[in-house]
Amino acid sequence: MSLEKLMEKFLEQSMEAEDNFYRLEEQRLQVEDKRREEEHSRELQMLQMLGQIFASIRTPSPAPTATPQPSFIPQTNLTVPLARPSLGNRNHPPALIDFASHSQAAGPGLLMEEVIERSFSLGTSGMDNVIPLVRNTIPPLTSKKHKGQDGRIGIIGGCQEYTGAPFFAAISALKVGADLSHVFCTKDAAPVIKSYSPELIVHPVLDSPNAVEEIEKWLPRLHSVVVGPGLGREDMLLKNAKEIVERSKLRGIPVIIDADGLWLVAKEPSVIQGYQRGILTPNFMEFTRLYEAMHHEPLDSSDHKRSAQQLSIALGHLTLVLKGEEDIITDGKNILTCSQEGSGRRCGGQGDLLSGSLGAFAHWAFSSPSDATKGMNPSLVAAFGATSLTRQCNRQAFHKHGRSTTTSDMIQEINSAFKKLFES
Ligand SMILES: NC(=O)C1=CN([C@@H]2O[C@H](COP(=O)(O)OP(=O)(O)OC[C@H]3O[C@@H](n4cnc5c(N)ncnc54)[C@H](OP(=O)(O)O)[C@@H]3O)[C@@H](O)[C@H]2O)[C@@H](O)CC1
Ligand SMILES: Nc1ncnc2c1ncn2[C@@H]1O[C@H](COP(=O)(O)OP(=O)(O)OP(=O)(O)O)[C@@H](O)[C@H]1O
């Protein structure tokens, strides 16, 4: 047989093997979905019981009982499809109706969402609830693994103006423990980003005519993608980023959207709406833009938690991380707040550390068995890991550098902050 024929045969066989892999992976996810759904209905029952207990505490009673410690984590919908169609009606998404009816289940005088929030609200004491779940998802460092197994993360961003942001995100993913970090940026940003670090794999393709095909070649090897740090707002770059999100969804890859990626979502929410492996990480400005795009009315900023929850619901229960004095993390059903002590220093790039590290945490959370997160939505666990880590880095860096603290100083703290939070 000629060499050409042999090559052809080899290619055919490897494509077949890849197809088989995805078929099996899809079957595995379906079985996993079913198991989670069963688990979910059990938990829902327990949640209702918990609601009744809280309700009875709220109603004055002659013989007060002790506040029960939640011994489980309520969670309502854990299905993780490989790809989901977007929800059509922006003003009255079905999920909103679904949530409203669930909200009554906790008994008189107490909304379900309040029950959930009480269980998870993480001031200082509540931290203890979620940190162990984050820990459970962190892969152990053993000699049995090969390069790549702990995470291959892709960053979509980096253009002429912004080279720092994709660098911060990519290096943070590596420093947290991912094995490989790829940056897909424009041609002129690439040499700059490469010059910051030999650690990163930099692809100068984002503004090339066949950008999507070039990047898609790498998707089967990536465990998560972070879209937006330093992406800029040029139409062509946003269009390519959009297509990459679509193709990542088809493969079930966790997609974290930050910075200019959120500009894209505000313009075209359907790009990520309803995708259960999608996580958005807006600052307040980005949040306002998203909220107003979805709800067609000004944001009432008196209750951030409620607004975050509403936005998540409108986006099909996507996980949102609203960054601020306290970080609000919600999938529309559960709300976590992370108020890990940081500092008063707000230098640019901290959000990139957060989204890059979240790339690694999200991969770990989604590839962990569901008992690792005790049935809690893996996106919430991952987001909590990344926000607490970012804030701890900020605190430690500030301790050393005071007002001179920059994001590079925070990145230097990742190892010890990680140890303190998750390994001690
Ligand atoms: N070294 C690098 O390369 C870095 C590059 N980066 C990259 O820059 C790109 C653009 O990102 P961006 O966030 O600067 O843009 P945009 O959404 O227009 O916001 C700008 C305006 O929003 C406001 N504002 C912000 N936060 C707010 C808050 N919490 N609460 C309220 N208001 C708030 C604030 O308004 P002002 O204070 O001026 O009134 C500000 O002027 C993006 O690609 C990103 O990744 C960064 O990652 C940093 C490091
Ligand atoms: N007032 C605050 N107090 C404490 N921590 C905060 C405060 N505001 C933001 N943070 C923390 O800083 C991190 C980054 O949030 P920030 O709002 O600076 O993001 P960003 O504007 O998207 O960042 P970037 O400069 O990378 O674009 C988050 O982990 C958040 O918890």
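Since the model is a prediction, treat every value here as computed from it, not as a measurement. The chain is numbered in sequence order, starting from 1. In listed order, ligands and their atoms are each counted from 1.
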K.L.:
In terms of residue, atom name and distance, what is the protein heavy atom nearest to atom 22 (O) of ligand 2?
P.N.:
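Atom 22 (O) of ligand 2 sits closest to the protein heavy atom Lys323 NZ, 2.6 Å.
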
K.L.:
Would you mind checking which non-hydrogen protein atom is closest to atom 17 (O) of ligand 2, with the distance to 0.1 Å?
P.N.:
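I find the closest protein heavy atom is Asn283 CB, 3.7 Å.
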
K.L.:
What part of Lys323 sits under 4.0 Å from ligand 1 if we count only heavy atoms: the side chain, the backbone, both or neither?
P.N.:
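No part of Lys323 comes within reach of ligand 1.
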
K.L.:
Can you confirm whether or not the ring centre of Phe284 sits under 6.0 Å from the ring centre of His304?
P.N.:
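Yes - the distance between ring centres of Phe284 and His304 falls below the 6.0 Å cut-off.
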
K.L.:
Would Gly232 count as being in polar contact with ligand 1, using the rule that some N or O on each side must be under 3.5 angstrom apart?
P.N.:
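In fact, backbone or side chain, Gly232 has no N or O that close.
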
K.L.:
Tell me the contacting part of Gln350 for ligand 1: side chain, backbone, both, or neither, using a 4.0 Å heavy-atom threshold, strictly below.
P.N.:
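It is neither; nothing of Gln350 touches ligand 1.
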
K.L.:
Can you tell which part of Asp327 has a heavy atom less than 4.0 Å from ligand 2: side chain, backbone, both or neither?
P.N.:
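Side chain only.
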
K.L.:
Where on Thr407 is there a heavy atom closer than 4.0 Å to ligand 1, on the side chain, on the backbone, on both, or on neither?
P.N.:
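It is neither; nothing of Thr407 touches ligand 1.
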
K.L.:
Contact between Pro229 and ligand 1, counting heavy atoms under 4.0 Å?
P.N.:
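The answer is yes, since Pro229 has a heavy atom less than 4.0 Å from ligand 1.
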
K.L.:
Can you tell me if Glu161 contacts ligand 1 (heavy atom of the residue under 4.0 Å from the ligand)?
P.N.:
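No, that is not the case, since the closest heavy atom of the residue is not under 4.0 Å from the ligand.
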
K.L.:
Tell me which protein heavy atom sits closest to atom 24 (P) of ligand 2, plus the residue, atom name and distance to 0.1 Å.
P.N.:
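Scanning the protein heavy atoms, the shortest distance from atom 24 (P) of ligand 2 goes to Gly349 N, 3.6 Å.
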
K.L.:
Can you confirm, on distance only, whether ligand 1 has an N/O atom lying under 3.5 Å from any N/O atom belonging to Gly230?
P.N.:
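There is such a contact, yes.
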
K.L.:
Heavy-atom contacts under 4.0 Å between Ala165 and ligand 1: side chain, backbone, both, or neither?
P.N.:
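It is both backbone and side chain that touch ligand 1.
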
K.L.:
Parallel, tilted or perpendicular: which fits the ring planes of Phe361 and Phe422, with parallel below 30° and perpendicular above 60°?
P.N.:
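Geometry flag for Phe422 against Phe361: perpendicular rings.
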
K.L.:
Which class fits the ring pair Trp364 and Phe418: parallel under 30°, tilted 30 to 60°, perpendicular over 60°?
P.N.:
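Ring orientation, 0 to 90° scale: perpendicular.
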
K.L.:
With a 4.0 Å cut-off on heavy atoms, is Ala259 touching ligand 2?
P.N.:
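The answer is no: ligand 2 sits nowhere under 4.0 Å from a heavy atom of Ala259.
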
K.L.:
So for Gly342, does at least one of its heavy atoms come nearer than 4.0 angstrom to any atom of ligand 2?
P.N.:
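The answer is no, since Gly342 has no heavy atom less than 4.0 Å from ligand 2.
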
K.L.:
Could you tell me whether some N/O pair between Cys347 and ligand 2 is separated by less than 3.5 angstrom?
P.N.:
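In fact, backbone or side chain, Cys347 has no N or O that close.
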
K.L.:
In the protein, which heavy atom is nearest to atom 28 (C) of ligand 1, and how far is it?
P.N.:
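Result: Phe284 CB, 4.0 Å.
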
